[in-house]
Each structure stands twice: as structure tokens, then as C-alpha cells.
Amino acid sequence: MPARSAANIFARRVSALRQRIEAAEVGGLVDAHPPNVQYLTGFTGSAGVFLLTPRDAILFTDSRYRIQAREEARNVEVRVESVRLHTAAGKALRGRHRRPVIYSPEHTSVAQRHELAQASGRGVRWMAVEGVVEELRSVKDESEIAVMREAARLAEEALSEVLKLVKPGVEENDLAAEIEYRMRRKGASGAAFPTIVASGPRAALPHAQPSRKRIAKNELVVFDLGAILRGYCSDLTRTVHVGRASARVREWYRAVLEAQAAARAILRPGVDGAAVDAAARGRLRRSGLARYFTHSTGHGLGREVHEIPRLARLSRSVIRAGQVVTLEPGIYIQGVGGIRIEDDIVVRENGTESLTQLNRELLEL
Ligand SMILES: [Mn+2]
């Protein structure tokens with residue numbers, strides 16, 4: 001992307017955020033969460049505090065990032081500080097302010113909160129508000145969706161290649177390493193999270209770490225992987241069976257696949273996250289499998305692998321067009337194994353689009 005148009009994107013995001021804080025009659029916002037800072041300024045460093053007021057947009061960073069911050073963050077004022085960054089941001093606000101200033105409680109340590117208050121003095125009233133930038137980030141534009149489509153493709157290519165290596169005797173660890181290596185060679189800046197390869201009884205652990213365990217015949221194997229491409233994540237899960245699957249395993253697989261389809265069928269703008277979750281859970285209940293579905297149906301995806309909205313039993317998220325979510329029902333049966341199927345879905349005005357295209361039918365290898 002040419003620097004000029006990239007700077008425009010960041011300027012548009014900052015002005016959208018400014019409109020929000022002005023509409024909420026707030027005097028400013030401080031955010032240091034790297035994915036938020038990147039989203040608003042383009043700065044990819046690990047140490048940055050972003051301050052937005054009706055008048056100013058300032059990125060505070062330290063001397064390690066002197067060159068990088070000025071190259072990347074073209075739409076904001078960059079200040080290279082020798083004091084702590086939250087202290088610098090607090091100082092910039094010193095004086096009397098009628099309106100409160102927002103900070104994010106989920107990304108601000110107690111020590112940082114103290115620095116803000118000390119540096120700003122009593123004239124500033126600090127207000128904890130969760131998810132202001134995350135809310136904005138959750139709705140993706142077409143350029144973001146295009147990158148996420150590529151990130152999805154990349155994970156699919158890596159998995160398709162590695163599925164050819166699956167056979168009795170191969171270690172889970174080796175398969176996970178092959179997946180991550182291949183994603184990297186295809187242009188990913190890294191894995192979105194540690195790749196899961198879980199076989200046999202280990203597939204009953206939803207977040208199993210790959211081990212030295214060797215794949216055996218007549219086992220289910222769960223692969224859960226994602227790539228980071230230009231700052232955006234993909235998240236893909238497929239479950240395969242080594243050898244011919246029993247009628248029981250096929251039935252389970254069918255139920256999980258239909259649970260995913262049921263969730264997708266009601267996913268649209270305006271529906272709430274809990275209803276999407278209930279659709280998947282309801283389908284599994286019909287097969288008596290709901291008690292084996294021990295996690296939520298899905299989550300927002302973007303610069304982070306878990307974002308809003310949440311598609312969970314107690315979710316209060318209301319789905320909006322442009323959000324990208326995973327749909328990943330699964331069942332986990334202790335001592336036997338597990339099945340999970342996960343795709344990355346864009347919510348459109350009138351329907352959904354799957355960024356992941358890989359075959360969803362049960363693969364018997
Ligand atoms: Mn996921």
C-alpha cells in the first residue's frame with residue numbers, strides 16, 4: 001500500500017474515534033494496547049501510548065522506536081520520551097478539564113493507572129471504559145477483509161500440504177512444526193497462536209499442546225492453526241480420521257458440522273452472540289452431544305485472534321455487518337477423542353461469506 005493512502009486509512013480511523021468520544025462527551029482517550037495503537041496509527045512497536053483529545057492525536061514512545069515510529073505513524077504527532085509513557089500522556093493532559101478522560105481497564109495496569117493520575121494531577125477525572133477501540137476495530141473494511149482472506153488461504157494451504165504427511169507413526173510435534181514452517185514460508189509473519197495437533201484421546205483436550213505422541217490408526221486428529229499476515233489473523237480447525245471411521249464417529253462428525261451450519265444460518269447483523277451460540281448448541285442437543293460441547297461457539301477475529309464479538313452463552317454482543325467471526329463448535333469425549341470444525345466468517349448486510357474454503361467433510365486418511 002502506498003504510504004499516502006495508508007496514512008489516510010489511519011487518519012479516517014482516528015477521526016471516527018474522535019467523533020465517538022465527542023458524541024460521548026468525553027475529553028479524551030488513552031490506549032496503549034499494541035493492536036489498538038497499530039490500528040489507529042500504523043505503529044507496530046511494542047511500546048506506544050496513544051492519546052486522543054478533540055484537538056490532539058499523540059503517540060508517545062521511547063528512543064528505541066525513534067526512527068520506526070516516525071516512519072510508521074504519519075497521521076499523529078510522535079513524541080519520543082525519556083520518562084515512562086503513561087506519565088508522559090498524563091502530563092500532556094495537565095490542567096482543568098470539564099470532561100472525563102477514558103482509559104481501558106483491561107489494558108492498563110494498576111501501576112500505569114497510578115502514573116496517569118499522578119502526572120495529570122487532580123484536574124483530570126479518569127474513567128474506565130472497556131473496548132472503545134475494540135468496538136471500532138471489530139467492523140472491518142474491504143481492505144482488511146481482503147488481507148484476512150489471504151491469511152485464511154495461507155493457513156489452508158499449509159494444512160492441506162501437511163495433511164498429506166499424516167500417517168500412523170508420525171509425531172504430533174512434527175506435524176505442528178511443518179504447519180508453522182510452511183505458513184512462514186508462504187509469507188506469514190508468524191502463527192496466530194501455538195498450533196494445535198491433538199490425536200486420539202488427546203483430541204478430547206480443546207487446547208492440547210502438540211506432544212511427542214505418535215499418530216495411530218483409527219484415531220481422530222484435530223488441527224487448529226492460524227497465520228498472521230500483515231497484522232491480521234486467521235483461525236482454522238479441521239478434524240481428520242486416520243483410517244476408516246466408525247458409524248458412531250461419522251454421526252458425531254455430522255452433528256458438529258450441522259451445528260456449525262445452524263450457527264451460520266442465523267448469523268446476521270442485529271442478532272446477538274448468545275443466539276448464534278444457542279443455534280449450534282441446540283443442534284448438538286438433538287444428538288445428545290450438548291454436554292460434550294464445553295466451550296463457546298466462536299469469537300471475533302482480526303488483529304487479535306480473540307476479539308469482540310463473543311459468540312457464547314452469556315454473550316451480550318450484537319452482531320454487525322463487517323465483523324469477522326469464527327464458528328467452531330466441537331465435542332470432546334474423555335478417553336475417546338474430539339471433533340472441532342472451525343471457519344472464519346464475514347458478516348454481510350444480507351448473509352455471510354466464509355473466508356476459509358477448505359473441505360469440511362470428514363477426511364479419512
Ligand atoms: Mn478459534
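All ligand and atom numbering here is 1-based and tracks the order in the structure.
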Taking only residues two or more places apart in sequence, or in another chain, which ones meet E307 in a side chain to side chain contact (heavy atoms under 4.5 Å, CB included)? R137, K140, R303, E304
Can you name the residues that form a side chain to side chain contact (heavy atoms under 4.5 Å, CB included) with E361, not counting sequence neighbours? R254, L257, N359
Are any side-chain N or O atoms of E172 and backbone N or O atoms of K213, one a donor and one an acceptor, separated by less than 3.5 Å? no
Going by the ring pair (Phe, Tyr, Trp, His ring centres under 6.0 Å) test, which pairs reach into residues 52-88, not counting sequence neighbours? F43-Y65
With 2.8 Å as the limit, count the protein N, O or S atoms near the Mn ion (ligand 1). 4
Got a donor-acceptor contact below 3.5 angstrom from the T195 side chain to the L225 backbone? no
Quick check with a 6.0 Å cut-off and a 45 degree axis cone: is R74 positioned over the face of F10's six-membered ring? no
